[in-house]
Structure formats: C-alpha cells, structure tokens
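These notes concern the structure reproduced below.
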Amino acid sequence: MGGWLMLLVALARPEKIAALVGVAPAADHFVTVFNELPLEEKKSAEEKDEWKLASKYSEEGFYTIPYSFIKEAENHCLLNSPIPITSPIRLIHGMKDEEVPWHVSMQIADRVLSTDVDVILRKHGLHRMSEKDDIKLLVYTIDDLIDKLTTLG
C-alpha cells in the first residue's frame with residue numbers, strides 16, 4: 001500500500017516532491033481485489049463491517065480490513081484516469097509478486113504525466129523485494145536518481 005500512498009502524497013504536496021521511487025506499488029489494490037470478490041463475499045463484508053484479506057505476511061494468515069476502509073479507498077483510486085504527477089518516477093516490481101501483479105506498475109507508468117518514468121522488472125523478484133540483489137538494485141536506482149537530480153539542479 002506504500003506505493004499507493006506515495007502517489008497520493010505526491011498529488012497532495014507536489015511542491016515537496018523531487019522524485020518518486022516505488023517498490024511493488026499497489027495503487028488501487030484493495031479496491032480492485034475487493035471488487036473481484038463474488039457478490040456474496042462482498043455482501044458479507046458489508047454486513048460484518050470487515051473483510052478478511054488473505055496474506056502470507058500476517059501471522060493469522062489474513063488482514064482484517066474494515067469495510068469502511070474499502071469504501072473510503074474507492075475515493076482515492078488513481079488508475080482510471082491520468083495521474084498529474086510530473087516528477088521523475090522509478091518503479092521496481094518483481095515478476096513473481098503474488099500479492100500485487102507487476103502489471104500495476106505498468107499501469108501507473110502509463111497513467112502518470114511524467115515523461116521521466118522507468119519501470120524495472122525483476123524476473124524472480126517477490127512482493128517485498130527483500131533479497132540481497134533486490135536491495136542492491138533499489139540502492140543503485142536511488143543513487144542514480146539522486147545523481148540525475150543533482151546534475152540537473
């Protein structure tokens with residue numbers, strides 16, 4: 001969800017943003033996954049005022065998401081229209097990510113107005129991009145972006 005929040009913050013405070021680096025950004029993710037549920041599951045979530053989202057990252061095997069969160073998140077979806085962010089953007093995504101499909105990074109790249117956008121796909125990368133080589137790539141990407149910004153500035 002950090003990548004989604006990154007984009008929303010950039011929209012809210014563009015004067016504070018020099019560049020963005022996102023790892024497996026999950027723009028619109030909760031809303032998209034919820035909307036793909038069978039109707040009876042959606043109704044049950046509404047009645048119980050909670051939705052249990054399966055996750056291997058939670059000790060319980062799921063995250064409990066308040067239904068009100070899903071309804072509020074619908075007001076902050078970004079992928080259905082142009083995203084007026086013009087700063088440089090780097091998105092890194094693992095192609096083996098089972099939580100957020102790497103295609104979401106491609107959608108973000110397509111929707112943002114910035115012309116300086118790179119999407120870096122790691123063929124064997126998982127959602128958290130926490131392997132040693134993933135971290136090296138992240139550090140290299142940030143260093144490269146800082147060099148570019150200081151050269152331009």
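Only this structure's heavy atoms are used, side chains among them; waters, hydrogens and symmetry mates stay out.
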- [ ] Check whether any side-chain N or O of Lys96 sits under 3.5 Å from a backbone N or O of Lys123 as a donor-acceptor pair, and report yes or no.
- [x] no
Open item on the list: Rounded at 0.5 Å granularity, tell me how far CD1 in Ile65 sits from CZ in Phe30.
Closed with: 4.5 Å
TODO: Before giving the answer on salt bridge (charged side-chain N to carboxylate O under 4.0 Å, His left out), spell out for Glu131 and Arg122 the whole-Å C-alpha distance, their side-chain angles and the decisive distance to 0.1 Å.
DONE: CA-CA 11 Å; Glu131 296 299 318; Arg122 298 279 298 166; over 6 Å; no
Open item on the list: Are there over 12 heavy-atom neighbours, none belonging to Glu59, within less than 6.0 Å of that residue's CD?
Closed with: no
- [ ] Kindly say whether Ile83 contributes a backbone atom to a donor-acceptor pair with the side chain of Arg111 at under 3.5 angstrom?
- [x] no
Task: Within-4.5 Å side-chain heavy-atom neighbours: Asp118 and Ile89 - done: no
Open item on the list: Between Asp144 and Arg90, does the salt bridge (charged side-chain N to carboxylate O under 4.0 Å, His left out) criterion hold? Intermediate values first, please.
Closed with: CA-CA 10 Å; Asp144 188 55; Arg90 303 296 178 265; 5.4 Å; no
TODO: Could you tell me the separation between the CD atom of Glu98 and the OG atom of Ser55, rounded to the nearest 0.5 Å?
DONE: 11.0 Å
Task: Residue pair Arg13, Glu15: steps toward the salt bridge (charged side-chain N to carboxylate O under 4.0 Å, His left out) verdict - done: CA-CA 6 Å; Arg13 312 249 345 239; Glu15 73 283 357; 3.7 Å; yes
TODO: Say whether Trp4 and Val21 are linked into one hydrophobic cluster, either directly or through other cluster members, by side-chain heavy-atom distances under 4.5 angstrom.
DONE: no
TODO: Please round to the nearest 0.5 Å and tell me the distance separating atom CG of Leu7 and atom NE2 of His76.
DONE: 13.5 Å
Task: Common cluster, Leu145/Met129, ILVMFWY with side-chain heavy-atom separation under 4.5 Å - done: yes
Task: Minimum heavy-atom distance between Leu149 and Ala19, given as atom pair plus value - done: CD1-CB, 3.8 Å
Task: Salt-bridge contact Lys42-Glu40 (side-chain N to carboxylate O under 4.0 Å) - done: no
Open item on the list: With a 3.5 Å distance limit and no angle check, can you tell me whether Asp143 reaches the backbone of Tyr140 through a side-chain donor-acceptor pair?
Closed with: no
Open item on the list: Hydrophobic clustering (ILVMFWY, side-chain heavy atoms < 4.5 Å, transitive) - are Leu20 and Leu79 grouped together?
Closed with: yes
Open item on the list: To check you understand the geometry: which heavy-atom pair defines the closest contact between Ala18 and Pro88, and what is its length?
Closed with: O-CD, 3.3 Å
TODO: Compare all side-chain heavy atoms of Ser87 with those of Ser114 and state whether any distance is below 4.5 angstrom.
DONE: no
Open item on the list: Please determine whether a side-chain nitrogen of the Lys or Arg among Arg128 and Glu99 lies less than 4.0 Å from a carboxylate oxygen of the Asp or Glu.
Closed with: no
TODO: Find the distance between CD1 (Ile108) and CE (Met6) and round it off to the nearest 0.5 Å.
DONE: 6.5 Å
TODO: Would you check if the distance from the ring center of Tyr67 to the ring center of Trp51 is below 6.0 Å?
DONE: no
Task: Taking every non-hydrogen atom, the tightest pair across His93 and Val100 - done: NE2-O, 2.9 Å
Open item on the list: Between Leu8 and Val104, is there shared hydrophobic-cluster membership here, with clusters defined by ILVMFWY side-chain heavy atoms closer than 4.5 Å?
Closed with: yes
- [ ] Locate the shortest heavy-atom distance separating Ser58 from Tyr63; write the atom from each residue and the value.
- [x] CB-CE2, 3.7 Å
Task: From CG (Leu91) to CE (Met106), nearest 0.5 Å - done: 9.5 Å
Task: Pair Gln107-His103, side-chain hydrogen bond (donor to acceptor under 3.5 Å, both in side chains): steps then yes or no - done: CA-CA 6 Å; Gln107 287 179 284; His103 300 92; over 6 Å; no
Task: Single-linkage hydrophobic cluster, 4.5 Å side-chain cutoff, Met1 and Leu138 together - done: no
Task: Expected output: side-chain Asp28 to main-chain Val31 donor-acceptor under 3.5 Å - done: no
Task: Distance, nearest 0.5 Å, that separates CG of Asn35 from SG of Cys77 - done: 8.0 Å
Open item on the list: On a heavy-atom basis, which atom in Ile17 and which in Ala10 lie closest, and how many Å separate them?
Closed with: CG1-CA, 3.7 Å
Open item on the list: Tell me if a side-chain donor or acceptor on His124 pairs with a main-chain N or O of Met95 at a distance below 3.5 Å.
Closed with: no
Task: Lys52 vs Glu50 side-chain heavy atoms within contact, under 4.5 Å - done: yes
Open item on the list: Is it the case that the side chain of Trp102 and the backbone of Ile92 share a donor-acceptor pair, with hydrogens and angles ignored and the cut-off at 3.5 Å?
Closed with: no
